[in-house]
Structure formats: C-alpha cells, structure tokens
K.L.:
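Take a look at this one; I'll ask things after.
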Amino acid sequence: MKNNSTRNFSTKSFSSSSSSSPRWSEELIQYCEHPETFSANEVYHFDNEFVIITDKYPKAKKHFLVMPRKRIDGIENLKKRDLGMMKKLKEKGQWVIESMKGENPKLKFRMGFHALPSMKQFHMHVISQDFISPALKNKKHWNSFTTPFFKDYEEIENMLKEKEEIKFDKIYYETLLKKPLNCHLCNKKDIKNIPTLKRHLEDHWDDDSSEKSE
DNA sequence: GTTCTAGAAC
DNA sequence: GTTCTAGAAC
C-alpha cells in the first residue's frame with residue numbers, strides 16, 4: 001500500500017487565507033452556514049436561527065452542540081443584546097434533553113460552555129453525565145466537563161446580565177485542566193489514570209448509585 | 001479540536 | 001515489557 005501524499009492542490013478556498021487561526025478551529029462554522037448539507041446523524045436539527053449537531057467526538061453517551069446560526073466568534077464576543085438569543089438557545093437545549101430522556105430516562109444532563117473554547121463559533125454543550133465514550137481519552141477532556149472550567153448555562157446568562165463582557169482568565173482556567181482526576185458523582189479523588197476512571201464510570205452507570213465506597 | 005508517538009510510569 | 005501520558009504538529 002502506498003502513501004498517497006500527492007494531494008497538494010488547495011481545494012475549497014475556506015475563510016482563512018489571511019486569518020492565522022488554524023482550519024480545525026473553524027469547523028463548526030460550516031454547520032451554521034450550510035446545515036442542510038449534512039446528514040441527519042451529523043445535524044440533529046436546524047431552523048433559521050439555530051443548529052444542533054451531534055458532537056463529532058462525543059465525550060459521553062449523548063453529547064450535542066447547540067449553536068446560533070448567526071456568526072458569533074466565541075463566548076467572549078457575547079453581548080447583552082444576545083440575551084434574547086440565549087433564552088432561545090436554552091430552550092433548544094432543554095428540548096434535546098427532554099427528547100433524550102424520553103429515549104433513556106436514566107440519562108442526566110448538563111448544558112453549558114467551556115470557559116476557554118477551542119472551536120470558533122459560540123456553542124453550548126448538552127452532554128449526558130455518564131461520560132462513557134471512547135472519545136474521552138485524557139485529563140483535559142475530563143476536567144473540561146467536570147471542573148469549573150465548565151460553565152452552566154445559568155451562570156453565563158447571569159454574567160451577561162451583570163456585565164457587558166464575558167472573559168475568563170486563561171492562566172487560571174488552564175490550570176484547572178491539569179487537576180487530578182476526581183469523580184463528579186462520588187467523593188473519589190485522585191483516580192490513578194484514565195483507564196481506571198473509565199472503569200469507575202462504568203460502575204456508576206451500572207449500579208446507578210451516586211455514592212460509591214471504593 | 002485530534003493524531004501521533006517518545007519516553008515516563010508502572 | 002507494556003501501559004499510559006503529554007507535547008508537537010511548519
């Protein structure tokens with residue numbers, strides 16, 4: 001088998017010939033601009049104002065991104081005037097959660113935002129709290145959803161009501177991502193490594209009790 | 001955001 | 001020797 005590396009013609013003049021941000025960070029934008037071009041597995045729902053996609057690398061059994069189709073670069077570019085959009089965003093999120101709970105009442109959800117998102121285009125995570133998924137692979141993945149790095153919807157809405165700008169300290173929030181692995185359901189702290197954490201999460205899912213002794 | 005992989009940890 | 005993490009990616 002050959003390493004066919006001869007595909008050098010630059011395809012698709014995407015938005016960033018002058019911008020310095022890498023292409024991968026802009027991947028969400030196409031879902032907002034052309035939701036109709038994606039399969040139902042990728043785009044769960046869309047209308048004129050919002051798109052709901054299934055996360056390409058889900059970190060739990062159910063993991064969606066809910067986004068306004070209007071271009072908003074990131075959480076730091078939210079303004080007070082977006083409070084109306086936010087309320088509808090929340091309703092979209094709640095709608096997905098209800099739908100998923102209909103499929104499996106055992107699922108618990110949070111909806112919210114990363115303090116320091118990697119992807120452009122403002123997006124809200126709707127993620128089930130089992131965190132059982134092959135795509136959850138490292139400490140950063142874990143801590144981004146289980147430490148204060150994850151901001152619940154209500155917190156952001158309240159911040160926006162109080163201040164015109166939302167800004168999180170980069171240094172501080174990056175340190176949160178390096179914290180030890182602690183269980184989000186029981187008092188187990190400093191879990192040895194990711195494979196051990198994954199077994200622990202499976203146990204929680206199986207016996208459905210949020211208090212584990214081990 | 002992911003992939004890949006060197007070398008740390010076990 | 002194998003498992004696991006964490007940093008580079010031009």
Side-chain angles (χ1 to χ4, degrees), chain A residues 1-35 37-39 41-44 51-69 71-78 110-128 131-147 149-151 168 170-183 188-203 214:
Chain A
M1 198 158 341
K2 255 209 176 145
N3 180 13
N4 41 330
S5 54
T6 46
R7 310 213 275 127
N8 255 7
F9 50 92
S10 60
T11 44
K12 293 182 187 163
S13 56
F14 237 77
S15 51
S16 59
S17 45
S18 56
S19 162
S20 59
S21 59
R23 166 166 292 197
W24 59 258
S25 70
E26 300 183 6
E27 254 185 41
L28 294 180
I29 295 165
Q30 62 189 316
Y31 293 100
C32 299
E33 289 181 347
H34 306 291
T37 66
F38 294 87
S39 74
N41 287 340
E42 298 167 294
V43 171
Y44 180 76
V51 187
I52 305 175
I53 70 170
T54 54
D55 194 291
K56 199 171 173 183
Y57 299 92
K59 306 305 187 294
K61 287 179 183 288
K62 298 293 175 188
H63 186 182
F64 299 85
L65 303 182
V66 189
M67 305 178 275
R69 292 187 62 180
R71 191 65 197 278
I72 299 176
D73 228 353
I75 196 164
E76 293 188 359
N77 290 293
L78 276 183
R110 282 177 82 185
M111 58 181 192
F113 312 87
H114 281 156
L116 308 174
S118 300
M119 306 292 279
K120 289 196 174 193
Q121 182 62 2
F122 178 63
H123 58 281
M124 179 174 72
H125 292 272
V126 172
I127 183 165
S128 61
F131 295 112
I132 292 171
S133 167
L136 196 157
K137 292 180 174 175
N138 59 46
K139 182 178 275 189
K140 181 174 177 178
H141 292 154
W142 178 251
N143 284 333
S144 73
F145 288 103
T146 60
T147 70
F149 190 93
F150 189 84
K151 301 298 182 193
F168 295 107
K170 193 168 182 228
I171 302 296
Y172 171 69
Y173 282 96
E174 281 177 349
T175 64
L176 290 183
L177 296 175
K178 307 200 175 203
K179 285 193 140 193
L181 301 170
N182 296 336
C183 181
K188 186 147 197 211
K189 306 287 182 208
D190 211 352
I191 294 168
K192 182 166 47 178
N193 55 34
I194 294 289
T196 306
L197 170 66
K198 282 174 169 281
R199 288 189 288 271
H200 184 79
L201 293 170
E202 290 281 0
D203 289 347
E214 205 197 339

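Small disclaimer: the values here were computed from a predicted structure and weren't measured. In the text below, chain A, chain B and the rest are named by the order of the sequence lines, each starting its count at 1.
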K.L.:
If you look at every strand shown and take non-hydrogen atoms under 4.0 Å, does A/Leu28 touch a base, only sugar-phosphate, or nothing?
P.N.:
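No contact.
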
K.L.:
Quickly work out the A/Glu27 CD to B/dT2 P distance and round it to whole Å.
P.N.:
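Result: 10 Å.
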
K.L.:
With both distances under 3.5 angstrom, what nucleotide forms a Watson-Crick or G-U wobble pair with C/dC4?
P.N.:
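Base-paired to B/dG7.
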
K.L.:
Take atom CG of A/Leu65 and atom P of B/dG1, then tell me their distance rounded to the nearest Å.
P.N.:
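Distance, rounded to whole Å: 11 Å.
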
K.L.:
According to a strict under-4.0 Å criterion, is A/His141 in side-chain N/O contact with OP1 or OP2 of B/dG1?
P.N.:
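Checking B/dG1 against A/His141, no side-chain N or O comes under 4.0 Å of OP1 or OP2.
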
K.L.:
Rounded to the nearest angstrom, tell me the gap between atom CD in A/Glu26 and atom C1' in B/dG1.
P.N.:
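These atoms are roughly 12 Å apart.
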
K.L.:
Counting side-chain heavy atoms from C-beta on, which of B/dG1, C/dG7, C/dC4 comes nearest to A/Lys178?
P.N.:
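Among the listed nucleotides, the one closest to the side chain of A/Lys178 is C/dG7.
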
K.L.:
Is there a side-chain contact between A/Ile194 and A/Lys137, using heavy atoms and a 4.5 Å cut-off?
P.N.:
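No, too far: nothing below the 4.5 Å cut-off.
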
K.L.:
Without decimals, in angstroms, what is the distance between A/His123 NE2 and B/dG1 C1'?
P.N.:
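It works out to 9 Å between those atoms.
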
K.L.:
Report the distance from atom NZ of A/Lys198 to atom P of C/dT3, rounded to the nearest whole Å.
P.N.:
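Rounded to whole Å, this separation is 16 Å.
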
K.L.:
With respect to the phosphate group of C/dG7, does any side-chain polar atom (N or O) of A/Lys139 fall under 4.0 Å of OP1 or OP2?
P.N.:
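No, A/Lys139 has no side-chain N/O under 4.0 Å of OP1/OP2 on C/dG7.
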
K.L.:
Please work out if A/Pro117 contacts a base, only the sugar-phosphate, or nothing of the nucleic acid, heavy-atom cut-off 4.0 Å.
P.N.:
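Touches nothing.
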
K.L.:
Regarding A/Lys192, tell me which of base, sugar-phosphate or nothing describes its non-hydrogen contacts under 4.0 Å with the strands shown.
P.N.:
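A/Lys192: no heavy atom of the nucleic acid under 4.0 Å.
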
K.L.:
Just call it for A/Lys140: base, sugar-phosphate, or nothing, with non-hydrogen atoms closer than 4.0 Å on any strand.
P.N.:
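Sugar-phosphate contact only - A/Lys140 comes under 4.0 Å of backbone atoms but never of a base.
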
K.L.:
What class does the angle between the rings of A/His125 and A/Phe150 fall in, given that below 30° is parallel, 30 to 60° is tilted and above 60° is perpendicular?
P.N.:
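A/His125 and A/Phe150: tilted rings.
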
K.L.:
Whole Å only: how far is the CG atom of A/Leu116 from the P atom of B/dG1?
P.N.:
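Result: 10 Å.
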
K.L.:
Indicate, with a heavy-atom threshold strictly under 4.0 Å, whether A/Lys137 touches base, sugar-phosphate, or nothing.
P.N.:
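Counting heavy atoms under 4.0 Å across all strands, the contact made by A/Lys137 is with sugar-phosphate only.
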
K.L.:
Look at the rings of A/Phe131 and A/Phe145 and say which category their plane angle falls in: under 30° parallel, 30 to 60° tilted, over 60° perpendicular.
P.N.:
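If you compare the ring of A/Phe131 with that of A/Phe145, the planes turn out tilted.
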
K.L.:
Heavy-atom count around A/Lys189 NZ within 6.0 Å, excluding the residue itself: above 12?
P.N.:
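Yes.
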
K.L.:
Taking C-beta and beyond as the side chain, do A/His63 and A/Ser133 meet within less than 4.5 Å on heavy atoms?
P.N.:
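Heavy-atom side-chain distance check fails, nothing below 4.5 Å.
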
K.L.:
Can you tell me the distance, in whole Å, between the CG atom of A/Leu136 and the P atom of B/dT2?
P.N.:
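After rounding, the reported distance stands at 10 Å.
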
K.L.:
Rounding to a whole Å, what distance do you find between A/Met119:CE and B/dG1:P?
P.N.:
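A/Met119 atom CE is separated from B/dG1 atom P by 9 Å.
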
